[in-house]
> 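Sharing a structure with you now.
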Amino acid sequence: MPSEFDLIQRHFSRTAPNAVLGVGDDCALLQPGAGMQLAVSTDTLVADVHFFADADPQKLGWKCLAVNLSDLAAMGATPRWATLALTLPEVDDDWLAAFASGLYGCADQFGVSLVGGDTTQGALSLTLTIIGEVPPNQALRRDGARPGDEIWVSGTLGDAALALAALQGRVTLTDADLATLAARLHAPAPRIDLGLALRGLASSAIDVSDGLLADLGHILSRSGVGAVVEYAHLPLGEILHDYTAHPAFDDCVLSGGDDYELCFTAPAAHHQALDQIAARLSLRLTAIGSILAEPGLTVRDAQGQPLDIRRTGYDHFAA
Ligand code: ADP
Ligand code: MG
């Protein structure tokens with residue numbers, strides 16, 4: 001069995017072009033751009049909680065970085081560096097090689113250098129810390145939503161949750177549909193370009209990791225405002241359209257996690273600018289509701305009637 005040192009040498013010591021000093025010393029040395037603020041976030045993925053222990057290690061490597069990049073996207077930050085704390089039950093070189101190839105694939109795509117980490121033995125768990133940069137006062141925070149702002153969401157909702165429901169045997173999908181949706185679950189695309197484009201336009205932003213209502217709820221409580229969301233406006237992918245009558249549908253769309261889209265608010269005056277960003281990025285952006293002064297979150301159906309959102313497992317504003 002190789003030592004921890006060999007393992008790091010073999011799998012996690014690629015050059016770190018963004019760093020003054022990368023993996024191999026007691027600390028990495030990083031040089032932020034002049035005048036930039038650092039945006040820092042950590043996420044842990046635990047086997048059998050956040051992913052299946054027998055998950056494809058290459059996809060896991062991608063996802064482990066991608067979910068952290070999604071947090072940077074939601075701040076409007078540019079990705080720069082990452083560190084990785086890896087807890088492994090055993091040293092499996094094939095598994096590690098595949099994991100590293102997924103991780104570095106995502107890192108290369110988004111200009112991130114892996115600059116350090118830690119390696120320990122125990123139940124499989126992956127903790128990644130991401131560091132990005134953002135000019136002062138330009139970060140997209142959760143506390144800036146104002147009454148009258150429109151609420152937007154990128155991409156489509158519920159895809160990852162429907163894939164998970166299928167993998168858990170709660171829904172039956174065709175093989176082709178499952179393959180399409182599973183890609184959304186296992187290989188999320190962090191919306192970095194969108195986050196950067198939203199600087200100066202969005203009043204608040206969050207990434208949809210725990211479900212639209214829960215995550216929008218965080219914006220509302222941090223901003224001290226309420227919202228109304230139009231159910232009929234929620235963006236659905238082609239496959240989801242076929243499952244609107246399924247009992248799990250509302251849950252997937254309103255409370256399904258793991259889509260890693262951005263939910264953001266912006267003054268209505270920016271509507272056209274946002275449509276132009278959607279066209280430029282070839283990314284669907286949909287206005288789904290508006291911010292109200294009065295706290296509380298209402299989802300209205302096509303007839304304008306409020307939906308009972310408690311049954312979707314949403315309890316953010318429960319008494
Ligand atoms: P120390 O005992 O000083 O913490 P380690 O032996 O844990 O040093 O790590 C040696 C070097 O390898 C350090 O630069 C550390 O950041 C890096 N490192 C350790 N584990 C990982 C990992 N899983 N991924 C990337 N770098 C790692
Ligand atoms: Mg160490």
Side-chain angles (χ1 to χ4, degrees), residues 1-33 36-73 75 77-133 185-190 192 207 209 258 260:
M1 190 160 113
S3 69
E4 177 191 347
F5 179 78
D6 290 336
L7 181 162
I8 297 162
Q9 269 305 110
R10 242 204 297 277
H11 299 291
F12 300 106
S13 295
R14 296 194 201 174
T15 51
N18 285 351
V20 179
L21 186 63
V23 168
D25 213 310
D26 296 312
C27 290
L29 294 173
L30 312 175
Q31 180 62 61
M36 295 295 254
Q37 291 181 344
L38 298 180
V40 182
S41 175
T42 299
D43 260 314
T44 296
L45 299 181
V46 178
D48 297 325
V49 178
H50 301 102
F51 63 92
F52 301 111
D54 62 353
D56 176 342
Q58 185 170 359
K59 289 182 181 135
L60 204 54
W62 174 285
K63 183 164 179 174
C64 165
L65 180 53
V67 299
N68 279 272
L69 286 170
S70 178
D71 286 315
L72 285 189
M75 287 312 275
T78 306
R80 296 293 308 271
W81 308 286
T83 65
L84 172 69
L86 207 51
T87 303
L88 302 167
E90 61 185 344
V91 175
D92 175 340
D93 266 311
D94 292 339
W95 191 95
L96 281 164
F99 176 83
S101 92
L103 182 82
Y104 279 107
C106 187
D108 290 345
Q109 184 161 329
F110 291 95
V112 174
S113 287
L114 181 68
V115 296
D118 199 17
T119 307
T120 52
Q121 190 168 25
L124 180 59
S125 151
L126 316 162
T127 296
L128 198 132
T129 296
I130 189 86
I131 306 172
E133 291 184 325
L185 178 65
H186 296 312
I192 292 291
D207 63 323
S209 55
D258 281 336
Y260 296 99

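Start at 1 and go down the list; that is how both ligands and their atoms are numbered. Throughout, residue positions are numbered sequentially from 1 according to the sequence presented.
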> Looking just at side-chain N and O atoms, do S125 and T87 make a donor-acceptor pair shorter than 3.5 Å?
no
> So, regarding L114 and ligand 1 (criterion: nitrogen or oxygen to nitrogen or oxygen, under 3.5 Å), is there a contact or not?
no
> Could you give the distance from NE2 (H186) to NZ (K63), rounded to the nearest 0.5 Å?
7.5 Å
> Which atoms of ligand 1 sit under 4.0 Å from any heavy atom of G116?
16 (O), 24 (N), 25 (C), 26 (N), 27 (C)
> Measure I8 to ligand 1 on non-hydrogen atoms and call it side chain, backbone, both or neither using the 4.0 Å cut-off.
side chain
> Using a 4.0 Å cutoff against the non-hydrogen atoms of D26, which atoms of ligand 1 qualify?
3 (O)
> Counting distance only, does the side-chain N/O of N18 pair as donor-acceptor with the main-chain N or O of W81 below 3.5 Å?
no
> Compute the shortest N/O to N/O distance between G117 and ligand 1 and return yes if it is under 3.5 Å, no if not.
yes
> I need the single residue from V67, V40, V112 that forms a side-chain contact (heavy atoms from CB on, under 4.5 Å) with I130. Which is it?
V112
> Going by the order shown, which atoms of ligand 1 are within less than 4.0 Å of some heavy atom of V23?
12 (O), 14 (O), 17 (C), 26 (N)
> Number the atoms of ligand 1 from 1 as they appear, then name those within less than 4.0 Å of a heavy atom of D25, with their elements.
13 (C), 14 (O)
> Should you measure from each heavy atom of E4, which atoms of ligand 1 turn up under 4.0 Å away?
5 (P), 6 (O), 7 (O)
> Okay, side chain of D56, backbone of Q58: is any donor-acceptor separation there less than 3.5 Å?
yes
> Any side-chain to backbone donor/acceptor pair from D92 onto D94? Under 3.5 Å, distance only.
yes
> Under a 4.0 angstrom heavy-atom cut-off, which atoms of ligand 1 come close to F12?
24 (N), 25 (C)
> Going by atom types alone, do H50 and D43 pair a side-chain donor with an acceptor below 3.5 Å?
no
